[in-house]
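Note that the structure is predicted; figures quoted are calculated from it, not measured.
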Amino acid sequence: MIEQTLEKMRKMKLYGMFRSFKHATHTQSMAGLTADELIHLLVENEWDERQNRSMERSLRNARFRYKATVEGLDFHPERMLDKNQLLRLADGGYIKKGENILLTGSTGTGKSYLACALGNQACAQGHKVLYANTNRLLTQLKMAKADGSSIKEMIKLEKQDVLILDDFGIQPLDVQGRMLLMEIIEDRHGKKSTIITSQLPITAWYEVIGDQTLADAILDRIVHDAHRLELQGESLRKKRKINQANS
């Protein structure tokens with residue numbers, strides 16, 4: 001009967017229960033459990049199994065640039081990174097409110113890593129997250145416009161609880177690019193969170209967008225009630241190279 005039960009669990013894809021029940025029968029650890037305790041054990045293991053699978057799936061779908069965690073962040077004083085502010089953001093309250101995070105600073109100061117760390121944290125909390133290089137994403141959307149699949153792609157972006165737009169401002173936007181950006185931001189405004197990283201200060205984003213009217217509309221939706229973090233200090237990449245050379 002035990003083998004039949006295990007086989008049914010496997011066919012129903014109750015893998016957490018399957019492993020827990022199989023282990024319990026082999027180790028004879030069920031003997032001291034009441035019926036309630038056994039059910040609780042099986043359900044807890046199935047729950048944990050599904051949560052872990054969901055987390056792994058979310059991390060794969062997010063396609064983060066770095067395997068970054070909040071715990072692994074560098075809070076050296078020269079970076080001017082407010083640890084209390086960062087830990088409050090890590091709680092995920094900004095996601096529930098549909099607020100944005102704007103990360104600015106010179107190249108190599110860890111903006112992308114920080115964005116990925118916050119995204120990883122959001123995945124752990126059960127949110128849908130997608131990381132994208134801004135220019136690459138806009139190029140893909142332009143191609144999707146050409147082959148008629150843009151609606152599907154825009155719906156996918158709209159469904160993300162957190163969308164990370166990395167390296168914004170590397171190139172000025174053309175007409176189609178700024179219209180696509182406006183569409184993305186409009187779809188998410190007040191409902192979903194967007195994390196944007198840029199080497200440029202926010203005041204320079206008007207020039208990147210290129211059209212004053214659209215820039216006003218986009219930035220009004222992005223910047224209003226956004227959490228701003230400006231990273232400072234020496235390039236972390238440069239430091240790592242120096243440390244590697246000296247080691």
Side-chain angles (χ1 to χ4, degrees), residues 13 53-68 94-95 98-104 107 111-200 202 204-224 226:
K13 298 182 179 180
R53 287 208 308 268
S54 176
M55 174 69 171
E56 290 172 3
R57 185 167 56 250
S58 294
L59 290 172
R60 282 197 307 272
N61 293 338
R63 298 183 298 209
F64 292 124
R65 180 176 175 181
Y66 299 110
K67 292 182 179 179
Y94 73 98
I95 303 173
E99 296 172 344
N100 303 321
I101 299 176
L102 310 180
L103 306 175
T104 57
T107 182
K111 301 179 298 296
S112 300
Y113 189 94
L114 176 53
C116 290
L118 290 170
N120 191 312
Q121 187 76 4
C123 281
Q125 293 163 348
H127 298 293
K128 290 183 179 179
V129 183
L130 179 66
Y131 165 90
N133 174 278
T134 304
N135 288 337
R136 198 171 300 134
L137 174 64
L138 293 177
T139 299
Q140 290 169 351
L141 290 175
K142 290 174 187 177
M143 294 171 63
K145 283 272 187 185
D147 66 22
S149 62
S150 63
I151 293 177
K152 178 182 176 182
E153 293 301 315
M154 295 301 288
I155 290 174
K156 177 183 175 182
L157 293 178
E158 188 179 358
K159 287 182 177 179
Q160 304 301 318
D161 299 313
V162 179
L163 174 63
I164 299 173
L165 297 177
D166 198 14
D167 284 335
F168 175 78
I170 295 294
Q171 296 177 356
L173 301 183
D174 59 16
V175 174
Q176 194 175 10
R178 67 177 71 108
M179 292 300 295
L180 285 167
L181 179 62
M182 179 66 200
E183 190 175 348
I184 292 169
I185 298 303
E186 178 63 28
D187 286 343
R188 303 181 62 76
H189 179 55
K191 298 176 293 185
K192 305 288 186 177
S193 296
T194 306
I195 298 176
I196 301 178
T197 80
S198 178
Q199 295 179 26
L200 303 175
I202 295 170
W205 292 7
Y206 284 91
E207 188 176 346
V208 170
I209 296 170
D211 179 280
Q212 185 65 40
T213 302
L214 271 179
D216 283 337
I218 292 170
L219 293 180
D220 180 64
R221 289 161 175 77
I222 290 175
V223 178
H224 181 64

Does any non-hydrogen side-chain atom of Leu138 lie less than 4.5 Å from one of Leu173? yes
Value for CD (Glu186) from CG (Leu181), rounded to nearest 0.5 Å, stands at 11.5 Å
- Query: Looking just at side-chain N and O atoms, do Ser193 and Asn100 make a donor-acceptor pair shorter than 3.5 Å?
  - Reply: no
Note to self: Any non-hydrogen side-chain atom of Asn120 less than 4.5 Å from a side-chain atom of Leu59?
What the structure shows: yes
*Using atom types as modelled and distance alone, determine if a side-chain donor or acceptor of Gln160 lies under 3.5 Å from a backbone N or O of Lys156.*
yes
Practice problem: Kindly assign one of parallel, tilted or perpendicular to the pair Phe168 and Trp205, based on the angle between their ring planes and the thresholds 30° and 60°. | Solution: perpendicular
For Tyr94 and Val162 the tightest heavy-atom approach is OH-CG2, 4.3 Å
Looking only at heavy atoms, the pair that brings Ile164 and Ala115 closest together is CD1-O, 3.3 Å
In this structure, OG of Ser198 is separated from NZ of Lys111 (nearest 0.5 Å) by 7.5 Å
Shortest non-hydrogen pair, Ile95 vs Ala122, comes out as CD1-CB, 3.7 Å
**OP:** State whether the number of non-hydrogen atoms from other residues, nucleotides or ligands found under 6.0 Å of Lys152 atom NZ is greater than 12.
**Re:** no
Checking Asp187, Ile184, Ile195 against Leu163 for side-chain contact (heavy atoms from CB on, under 4.5 Å), the one that qualifies is Ile184
Answer whether the closest heavy-atom distance between the side chains of Gln199 and Thr104 falls below 4.5 Å. no
Query - Test item: Leu165 and Tyr131 side chains (from C-beta on) under 4.5 Å apart, heavy atoms - result: no
Q.
I want to check something: taking the side chain as every heavy atom from C-beta on, are Leu214 and Met179 in contact at a cut-off of under 4.5 Å?
A. yes
Should Glu183 and Met154 count as side-chain neighbours, where that means a heavy-atom distance under 4.5 Å?
-> yes
**Asked** Are more than 12 heavy atoms from other residues, nucleotides or ligands located less than 6.0 Å from atom NZ of Lys13?
**Response** no
**Prompt:** Looking at side-chain heavy atoms only, is the closest gap between Ile222 and Ile185 below 4.5 Å?
**Reply:** yes
* Asked: In this structure, are over 12 heavy atoms from other groups packed under 6.0 Å from Met182 atom CE?
  -> yes
Tyr206 and Ala215 have their tightest heavy-atom pair at CD2-CB, 3.6 Å
To the nearest 0.5 Å, atom OG1 of Thr139 lies from atom CD of Gln171 at 7.5 Å
To the nearest 0.5 Å, atom OG1 of Thr194 lies from atom CD1 of Ile101 at 10.0 Å
Heavy atoms of Arg65 and Cys116 approach each other most closely as N-SG, 3.6 Å
Worksheet item: Should the pair Asp161-Lys192 be classified as a salt bridge under the 4.0 Å nitrogen-to-oxygen rule?
Response: yes
* Asked: Going through the distances and angles, do Leu102 and Ile202 end up as a side chain to side chain contact (heavy atoms under 4.5 Å, CB included)?
  -> CA-CA 9 Å; Leu102 310 180; Ile202 295 170; 3.5 Å; yes
Does any N or O in the side chain of Arg221 come within less than 3.5 Å of the main-chain N or O of Ala217, such that one atom is a donor and the other an acceptor?
yes
Distance col, row Ile209:CD1 vs Ile218:CD1, nearest 0.5 angstrom, shows 4.5 Å
Exercise. Okay, side chain of Thr134, backbone of Asp166: is any donor-acceptor separation there less than 3.5 Å?
Worked result: yes
Rounding to 0.5 Å, atoms NZ (Lys145) and CD (Gln140) come to a distance of 15.0 Å
If you define the side chain from C-beta out and look only at heavy atoms, does anything of Leu130 sit under 4.5 Å from Arg63? yes
Give a yes or no answer on whether the side chain of Arg188 reaches the backbone of Leu157 with a donor-acceptor pair at less than 3.5 Å. yes
Ser112 and Tyr66 have their tightest heavy-atom pair at CB-CE1, 3.7 Å
